[in-house]
Amino acid sequence: MTRGGLWAAGVAAAVVAFAHLATAGRYDLFVNELYFIVCGRHPAFGYVDQPPLIPLLSALTQIGGTHVWLLRVPAVLAAVALVPLTVAFAQLLGATTRGAWLAAVAAAASPMLTAMTATLTTSTLEPLVWTAIAYCVTRAVVRAEPRMWWWAGVLAGLAFETRYGVIVWIIAVALGLATTAQRASLRSTALAVGIAIGALIALPNAAWQFGHGLPFLNVIRNDNADNFTGTPLVFTIDQIFSINFLLAPLWVTGIVAPFVSPRLARFRFLAIAFVASALLVFLTHGKNYYLAGAYPAMFALGAAACTALPRLVVVLWSALAAANGALALPLVLPIYSPARLKTTVERMPIKLRPVEKASVGAPLTQVFSYEFGWREMAASVESVLAALPPSDRARAAIFASTYGEAAAIDVFGSGLPPALSGNNQYYLWGPRGYNGAVVIAVNVDPAVWSRWCDSLRVAARYGESRYVMPRERDRPIVVCRGMHPPLTQLWPQLKFYGI
């Protein structure tokens with residue numbers, strides 16, 4: 001990077017670091033973070049609904065106990081690293097200092113990108129890794145640096161071990177190369193080596209998925225069926241406002257410029273890759289953030305195209321985009337108190353659009369609402385277990401309807417046996433030797449469960465917080481005695497892959 005690029009990247013990255021580090025420990029663990037911690041405590045080459053890298057990393061951060069802030073340090077590092085990477089990419093594509101500032105502000109001021117690094121999930125590293133893959137491919141193709149294909153392969157393999165969404169980007173970039181003048185690069189020996197490296201890294205998880213009958217396909221089929229992708233127009237508008245509508249001219253320029261500017265014509269494959277990714281996400285009924293990883297490349301390409309704009313225009317545009325991003329921060333980082341955020345959300349003239357059926361009715365945002373109520377639920381389960389006679393307590397199983405509830409019990413519960421659930425990875429862990437003589441069941445339908453129990457009573461209810469998701473509000477905890485058929489035989493009926 002040039003000196004001007006370093007300044008742009010350094011200033012924007014410092015702001016990102018401050019905002020994330022100052023808020024990383026507020027609220028509590030997100031439902032998926034709880035689940036990843038538990039999965040990581042059961043090391044494996046794969047899990048029903050995700051590759052192993054994030055679960056293992058999550059569990060590693062919690063070796064010394066439950067620490068919300070520590071868990072999110074990797075996410076903060078990813079948010080910070082994206083800024084200099086995007087600036088370096090922009091300068092690789094021809095941006096000067098003005099373009100570098102545009103790229104830096106864009107990488108730092110996108111609400112969607114900020115939201116993805118507010119928690120540690122399988123999506124957290126996607127913008128960073130997708131951008132790094134595009135950067136390596138561009139250097140391999142444009143600068144004729146064949147070994148960059150190797151690094152692209154390493155990154156693609158690691159990305160696969162983080163989230164399967166990288167397959168979309170790999171297909172899209174390959175399509176971009178195949179349909180432009182860079183198609184000759186696809187015959188490169190170095191590319192073949194890079195593909196082999198990536199495949200080797202991805203092999204353990206791919207083998208696990210195939211060995212277990214590709215359960216992820218069932219998860220994504222059920223999950224995507226409940227997504228609110230919308231029409232092409234709705235999807236596009238949602239992208240514009242989620243990314244920061246003042247940055248839309250930048251990434252749209254990134255798409256268009258290679259087809260109208262001879263200087264940028266050799267980068268057409270990147271624009272085609274973005275459009276192809278958008279089509280794949282839309283056609284597969286994906287959530288809006290599934291495309292987030294492709295935007296930094298368009299920020300970089302747009303910055304390279306706009307690098308000759310007058311300084312005043314760049315300054316005003318950057319300032320306005322940064323200000324708009326700052327206004328959205330309370331919706332993506334836990335800056336406000338929960339009460340203030342709830343009031344803010346209720347008073348917004350334009351209501352937040354839910355991305356899936358499960359997020360309908362969130363009193364805060366979906367992510368933030370899923371950070372409340374878990375400790376209280378685990379405490380309620382502890383109380384129900386403690387109230388049982390000693391003979392029942394010793395043989396009682398604890399069953400939860402969802403992986404999030406089960407994980408909260410495992411992470412926050414004290415003196416509780418490992419939770420059971422038929423949801424996702426918990427299903428494969430099975431009934432753990434329990435026969436169903438006594439079962440404490442969380443958030444189940446008493447009418448359904450009464451058919452399986454000699455006796456059933458509602459022992460407690462949880463979900464009193466006004467910030468929790470509707471599906472976790474005022475829910476029953478029941479005690480079932482004499483399950484019939486035994487839990488081991490009933491287990492296949494309790495299986496559900498999805499959210």
Side-chain angles (χ1 to χ4, degrees), residues 1-2 5 8-9 81-96 99-100 102-104 106-107 125-159 166 168-195 197-198 250-278 291-307:
M1 281 188 282
T2 64
L82 180 63
V83 177
L85 177 60
T86 306
V87 172
F89 200 177
Q91 296 210 305
L92 173 66
L93 301 176
T96 60
L102 286 172
L125 302 182
E126 227 169 39
L128 179 65
V129 180
W130 284 28
T131 306
I133 291 171
Y135 177 82
C136 290
V137 169
T138 302
R139 285 185 57 172
V141 171
V142 176
R143 286 191 175 179
E145 298 180 53
R147 290 191 178 183
M148 295 307 295
W149 285 119
W150 302 0
W151 287 109
V154 170
L155 290 166
L158 291 174
V166 71
V168 169
W169 191 232
I170 292 171
I171 292 172
V173 171
L175 181 64
L177 291 170
T179 54
T180 59
Q182 281 71 37
R183 65 179 63 88
S185 63
L186 295 176
R187 297 191 293 269
S188 166
T189 301
L191 170 59
V193 173
I195 292 173
I197 293 171
L250 186 65
W251 58 263
V252 170
T253 298
I255 298 171
V256 175
F259 297 94
V260 297
S261 169
R263 177 173 64 89
L264 299 174
R266 54 185 175 161
F267 305 126
R268 286 176 184 172
F269 72 93
L270 292 171
I272 293 173
F274 178 87
V275 174
S277 296
L291 186 59
Y295 278 100
M298 290 304 97
F299 292 158
L301 193 48
C306 296
T307 199

>> Does any part of the side chain of Thr138, heavy atoms only, come nearer than 4.5 Å to the side chain of Phe269, both counted from C-beta?
In response: yes
> What's the verdict on side-chain contact (heavy atoms from CB on, under 4.5 Å) for Gln182 and Val142, showing C-alpha distance, side-chain angles and the deciding distance?
Replying inline: CA-CA 8 Å; Gln182 281 71 37; Val142 176; 5.5 Å; no
> Please walk me through it: do Val193 and Trp149 pass side-chain contact (heavy atoms from CB on, under 4.5 Å)?
Replying inline: CA-CA 8 Å; Val193 173; Trp149 285 119; over 6 Å; no
> Would Val137 and Met148 count as a side-chain contact (heavy atoms from CB on, under 4.5 Å) if you check the C-alpha gap in whole Å, the side-chain angles of each, and the deciding distance to 0.1 Å?
Replying inline: CA-CA 7 Å; Val137 169; Met148 295 307 295; over 6 Å; no
>> For a 4.5 angstrom cut-off between non-hydrogen side-chain atoms, does Leu191 reach Ser185?
In response: no
>> Quick check: do Trp150 and Leu155 have side-chain heavy atoms less than 4.5 Å from each other?
In response: no
> Any side-chain heavy-atom pair from Thr2 and Gln91 closer than 4.5 angstrom?
Replying inline: yes
> Considering all heavy atoms of both residues, which atom of Arg139 and which atom of Glu145 are nearest to each other, and what is their separation?
Replying inline: NH2-OE1, 2.6 Å
> Hey, does Pro258 have a side-chain heavy atom less than 4.5 Å from the side chain of Leu301?
Replying inline: yes
>> Would you compute the distance between atom OG1 of Thr180 and atom CZ of Phe259 and round it to the nearest 0.5 angstrom?
In response: 8.5 Å
> Hey, are the side chains of Phe89 and Leu270 touching, using non-hydrogen atoms and a 4.5 Å cut-off?
Replying inline: yes
> Do Val129 and Val166 come within less than 4.5 Å of each other through their side chains, counting heavy atoms only?
Replying inline: no
>> Just so I know, are the side chains of Trp169 and Ser277 near enough to count as touching, which here means a heavy-atom distance under 4.5 Å?
In response: yes
Could you give the side-chain donor-acceptor pairs of residues 172-179 under 3.5 Å, partners two or more places apart or in another chain?
from	atom 1	to	atom 2	distance (Å)
Thr179	OG1	Leu175	O	2.8
Thr179	OG1	Gly176	O	3.4

> Where is the tightest heavy-atom contact between Gly99 and Ala303, given as atom of each residue plus distance?
Replying inline: O-CB, 3.2 Å
> Counting N and O atoms only, with roles assigned by atom type, does the side chain of Arg263 sit under 3.5 Å from a partner on the main chain of Ala304, one being a donor and the other an acceptor?
Replying inline: yes
>> Testing the basics here: between Trp130 and Ala294, what is the closest heavy-atom pair and its distance to 0.1 Å?
In response: CE3-N, 3.4 Å
> What is the distance from atom CZ of Arg266 to atom CG of Leu93, rounded to the nearest 0.5 Å?
Replying inline: 8.5 Å
> Between Ala297 and Thr131, what is the shortest heavy-atom contact and its length?
Replying inline: N-OG1, 4.5 Å
>> Testing the basics here: between Ala292 and Pro296, what is the closest heavy-atom pair and its distance to 0.1 Å?
In response: O-CD, 3.5 Å
> What residues, two or more places apart in sequence or in another chain, satisfy salt bridge (Lys or Arg N to Asp or Glu O under 4.0 Å) together with Arg268?
Replying inline: none
> With Tyr295, which residues qualify under ring pair (Phe, Tyr, Trp, His ring centres under 6.0 Å), at least two apart?
Replying inline: Trp251, Phe274
> Do you know which two heavy atoms are closest between Val87 and Ala104, and how far apart they sit?
Replying inline: CG2-CB, 3.6 Å
